[in-house]
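Values reported hereafter were calculated over all heavy atoms of this structure, with side chains retained and with hydrogens, waters and symmetry mates removed. Within every chain, numbering begins at 1; the chains are lettered A, B, ... in the order of the sequence lines, protein sequences first and strands thereafter.
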2 protein chains.
Amino acid sequence: MEGTPLGDGPTINTIAERAGVSIASVSRVLNGLPTRRETERKVLAAAEELGYVRNAVARSLKSRRTHQVAFAMADIGNPAYLAMLREIQPVLKAAGYRLVLHSTDAVVADEIDVLHSLGERYVDGLIMSPLRVTDAHLESLAAARTPVVVIGSVPEGTRADNVRADSRTGVRLAVDHLHALGRRRIAMVNGPLDTVPGAARGAAYREALEELGLPYDDDLVQIGDFYRAEGARAVAELLARVPDVDALMCANDLIALGALDVLRASGRRVPDDVAVVGMDDTDLAAASWPSLTSVSLGSAERGKAAAELLLQRLRGDDSAPRLVTVPPRLVVRASTAGNRADGPYDRKEGGV
Amino acid sequence: MEGTPLGDGPTINTIAERAGVSIASVSRVLNGLPTRRETERKVLAAAEELGYVRNAVARSLKSRRTHQVAFAMADIGNPAYLAMLREIQPVLKAAGYRLVLHSTDAVVADEIDVLHSLGERYVDGLIMSPLRVTDAHLESLAAARTPVVVIGSVPEGTRADNVRADSRTGVRLAVDHLHALGRRRIAMVNGPLDTVPGAARGAAYREALEELGLPYDDDLVQIGDFYRAEGARAVAELLARVPDVDALMCANDLIALGALDVLRASGRRVPDDVAVVGMDDTDLAAASWPSLTSVSLGSAERGKAAAELLLQRLRGDDSAPRLVTVPPRLVVRASTAGNRADGPYDRKEGGV
DNA sequence: ATCGCTGCTGTAAACGTTTACAGGCAAGCC
DNA sequence: GGCTTGCCTGTAAACGTTTACAGCAGCGAT
């Protein structure tokens with residue numbers, strides 16, 4: 001009635017008592033440090049009987065490592081981030097790290113909070129994918145007390161590894177494709193211009209037209225938000241203004257799905273009347289009707305690269321910040337290429 | 001040169017020195033306990049200057065609370081689990097808990113590992129959604145040292161809250177719907193029978209036929225796995241064996257998408273020749289071609305309910321285990337109801 | 001018999017907090 | 001003036017580990 005300390009679960013102390021050795025010996029056995037055969041046996045037996053499990057919190061306090069990594073995604077509903085998550089998770093797991101998931105809903109204050117909370121040291125590192133990068137972000141990044149990898153673009157000189165998509169090239173691939181198909185009234189449906197992807201894709205669209213010798217026309221650009229319903233609304237407006245568009249470059253698969261909805265409702269055929277291209281190449285692109293040509297910005301690859309960069313930092317690498325750029329890829333499907341390939345059945349499509 | 005202790009970041013000790021008070025006072029100020037005005041001022045000033053942030057690990061060790069909750073999902077690629085995740089995350093966040101994400105890939109050993117690791121006390125509670133529930137699961141559940149909520153079915157008497165879908169009713173809704181449309185050769189494409197959903201849906205299918213007075217025919221049942229490619233393979237086999245089916249009840253949206261692929265490739269029209277119903281009502285169902293009638297098993301609602309149950313436990317409620325059942329809902333779309341409603345544009349579809 | 005190894009083992013301090021307890025001090029009362 | 005009372009404050013222990021250090025036994029060499 002005086003053996004067990006106080007709490008419920010057995011601790012290293014409980015085992016020490018039971019085995020008749022010191023807590024140091026218990027710890028050593030549990031950590032595989034050299035020990036006499038007999039001591040080891042007693043300790044292991046006691047641990048087994050008691051159903052002992054190491055307390056991760058106490059370990060972390062002493063070792064200053066939590067074996068946890070945070071991933072702060074802007075929008076937990078966006079398939080592009082989910083694709084990253086899917087790749088990040090197994091990489092971390094394989095390296096013995098747990099994943100703490102934050103969804104910031106793209107609210108700047110929330111993202112700053114996450115950065116600030118790194119000081120609480122409940123994680124060893126962070127992967128974050130902000131929609132916007134503000135000065136507040138950069139400030140908090142500079143003050144961060146653990147390694148951070150940013151998926152998205154960050155100014156040169158920032159003290160964080162950086163994994164980027166190349167949406168400029170991505171947009172050009174798509175616009176070139178549409179141009180090659182004979183389209184000349186190519187509109188762009190974009191998200192907010194003060195977001196990183198919004199700005200980059202908008203500029204890239206302009207550049208791509210220029211390179212092709214097509215005129216840039218403000219009327220052909222419509223700004224909405226990165227969601228399906230918003231995309232639909234934006235395309236409806238666009239069609240009202242310029243009924244003769246023959247191609248839509250959408251900044252996002254969700255926007256593109258909204259576009260398909262509206263085009264269908266307006267009686268236009270896709271791709272015969274209007275060709276549609278999305279971006280991100282999410283699962284939805286393959287499943288939609290008609291299946292959606294989409295620019296893959298390598299979400300999965302970016303997630304994986306970010307996780308691997310972070311792991312290197314956690315292993316002690318403190319060389320200069322790195323920059324990894326993942327090349328885009330155009331995945332052609334029915335929404336631009338006619339009806340011959342309207343099903344995704346031909347594509348290798350794994351366990352999704 | 002002798003002030004700061006050893007590590008890098010400021011601790012409560014650093015503040016105490018700087019402010020010329022004891023660490024107890026610092027702690028009290030930081031926790032809002034009654035303190036003299038002057039002391040409070042000094043402490044807060046010092047904390048501010050030093051950029052102090054509370055160490056979460058040390059706090060957790062003392063308080064025995066980590067403010068973290070784990071969610072163990074069987075398959076991080078499955079939209080049904082993602083729907084749960086999307087609901088769980090904000091509920092936990094609002095209550096001040098962080099989310100630790102585990103993906104077990106439906107491997108039993110991994111799930112047991114997660115349960116076992118609860119003993120490490122790096123989380124205050126767990127929500128898990130196993131595909132199979134084995135004896136090993138039940139054993140580990142019984143030994144779990146923190147509250148656990150299981151999404152899925154668990155035998156009566158298990159020491160865990162339980163949130164269930166009612167797939168029996170769900171299947172019946174679907175089969176009744178198909179029957180009402182005049183279909184009489186209704187096949188079932190199921191996942192493995194040793195999984196909880198597989199077994200439940202298979203049995204429900206049989207019952208539903210019985211209630212309608214339709215004969216049960218082994219030839220009309222095809223077992224595959226819960227993935228798109230597998231579903232396609234299964235449906236191909238089924239069609240070879242019974243070319244005259246006029247309806248497919250698929251245990252899963254992914255299977256149903258595979259079915260659509262194969263039906264299209266075989267020249268059959270949907271729904272004219274063969275009507276198709278999926279289950280889970282994932283995002284894919286609304287986006288597919290033709291849009292997919294699907295039984296919503298309330299993944300989102302289940303996730304939310306699970307999170308709320310767990311929070312109650314964390315607030316100290318230790319009443320008897322609860323059982324929450326979420327009712328299913330049939331969402332009719334083009335794959336059964338003809339072409340009039342082939343687009344999802346009419347449905348309120350938010351930020352996905 | 002003494003010395004110095006070698007190889008385990010135990011004691012105690014540390015990680016950064018929270019908190020029970022006791023001490024100090026001013027004010028209020030007789 | 002001494003006593004109680006109340007309010008703050010500091011000391012120290014605790015949470016459950018890991019680990020530097022010292023101690024001790026056994027053993028071969030001198």
Side-chain angles (χ1 to χ4, degrees), chain A residues 3-44 46-47 50-67 117-122 124 145, chain B residues 3-43 46-47 50-67 117-124 145:
Chain A
T4 45
L6 318 111
D8 25 11
T11 77
I12 222 181
N13 283 286
T14 331
I15 297 184
E17 255 173 52
R18 178 92 152 219
V21 299
S22 75
I23 60 167
S25 288
V26 176
S27 175
R28 276 186 289 255
V29 170
L30 262 25
N31 288 315
L33 299 177
T35 322
R36 222 179 53 201
R37 217 32 179 271
E38 173 62 7
T39 314
E40 181 173 330
R41 201 192 48 69
K42 285 191 294 188
V43 168
L44 290 179
L50 292 165
Y52 170 79
V53 184
R54 265 206 202 62
N55 184 310
V57 178
R59 284 194 111 195
S60 295
L61 179 57
K62 189 84 225 300
S63 67
R64 293 150 160 272
R65 299 210 127 220
T66 60
H67 294 281
S117 74
L118 290 178
E120 296 180 23
R121 303 214 152 265
Y122 63 95
D124 298 338
R145 297 218 237 268
Chain B
T4 45
L6 318 110
D8 25 8
T11 77
I12 220 179
N13 282 286
T14 331
I15 297 184
E17 255 172 53
R18 178 93 152 218
V21 299
S22 75
I23 60 166
S25 287
V26 176
S27 175
R28 276 186 291 254
V29 170
L30 261 25
N31 287 314
L33 297 178
T35 324
R36 222 180 51 201
R37 215 35 179 270
E38 173 62 8
T39 314
E40 180 174 330
R41 201 193 48 70
K42 284 190 294 187
V43 168
L50 292 165
Y52 171 78
V53 184
R54 264 205 201 64
N55 183 311
V57 177
R59 285 194 111 195
S60 295
L61 179 58
K62 188 85 230 292
S63 68
R64 293 151 162 269
R65 299 210 127 218
T66 60
H67 294 280
S117 74
L118 290 180
E120 296 180 23
R121 304 212 151 266
Y122 63 94
V123 287
D124 298 339
R145 296 216 237 270

- line: From CZ of B/R65 across to P of D/dC15 the rounded distance in Å is 18 Å
- request: Return no unless some side-chain N or O of A/Y52 is found under 4.0 Å from OP1 or OP2 of D/dT17.
  value: yes
query: How is B/S27 classified with respect to the nucleic acid when contacts are heavy atoms under 4.0 Å: base, sugar-phosphate, or nothing?
result: base
- prompt: In whole angstrom, what separates A/R36's CZ from C/dT6's C1'?
  reply: 14 Å
query: Does some side-chain heavy atom of B/N31 sit less than 4.5 Å from a side-chain heavy atom of B/R54?
result: yes
- request: Write down the distance between CG (A/L30) and P (D/dG16), rounded to a whole number of angstrom.
  value: 15 Å
message: Within the 4.0 Å heavy-atom criterion, would you say A/R28 contacts the bases, only the backbone, or no part of the nucleic acid?
response: base
task: Supply the atom-to-atom distance B/I15 CD1 to B/E17 CD, rounded to the nearest 0.5 angstrom.
output: 11.0 Å
query: When you measure from the side chain of A/A58, which nucleotide among C/dT18, D/dT9, D/dG16 comes out closest?
result: D/dG16
message: Would you say A/S117 and A/Y122 are linked by a side-chain donor-acceptor pair, where the criterion is simply a distance under 3.5 Å?
response: yes
message: If the cut-off is 4.0 Å, is B/N13 near the phosphate of C/dG16, judged by side-chain N/O to OP1 or OP2?
response: no
Gap between atoms CG and C1', on B/L33 and C/dT18 respectively (whole Å): 10 Å
- prompt: Is any side-chain N of the basic residue among A/E38 and A/R41 closer than 4.0 Å to the acidic one's carboxylate O?
  reply: yes
query: Closer to the 5' end of DNA chain C via nearest nucleotide, is it B/A24 or B/N55?
result: B/N55
- prompt: In whole Å, what is the span from the NZ atom of B/K62 to the C1' atom of D/dT17?
  reply: 15 Å
d(CD1, B/I12; P, D/dT11) in whole Å: 14 Å
- request: Could you tell me whether the phosphate oxygens of C/dG16, OP1 or OP2, come under 4.0 Å of any side-chain nitrogen or oxygen in A/R64?
  value: yes
- line: Comparing A/R54 with B/S22, nearest DNA chain D nucleotide closer to 5' gives the residue B/S22
- prompt: Within the structure shown, what part of the strands sits under 4.0 Å from B/T35 by heavy-atom distance: base, sugar-phosphate, or nothing?
  reply: sugar-phosphate
task: To the nearest 0.5 angstrom, please state how far the CG atom of B/L61 sits from the OG atom of A/S60.
output: 9.5 Å
message: Need one value for A/V57: base, sugar-phosphate or nothing, where a base atom within 4.0 Å counts as base even if backbone is also close, heavy atoms only.
response: nothing
Separation of C/dT18 P from A/L61 CG (nearest whole Å): 12 Å
statement: Here the distance between atom P of C/dA14 and atom CD1 of B/I23, to the nearest Å, is 13 Å
query: Choosing from C/dT9, D/dT17, D/dG10, which nucleotide comes nearest the side chain of A/T39?
result: C/dT9
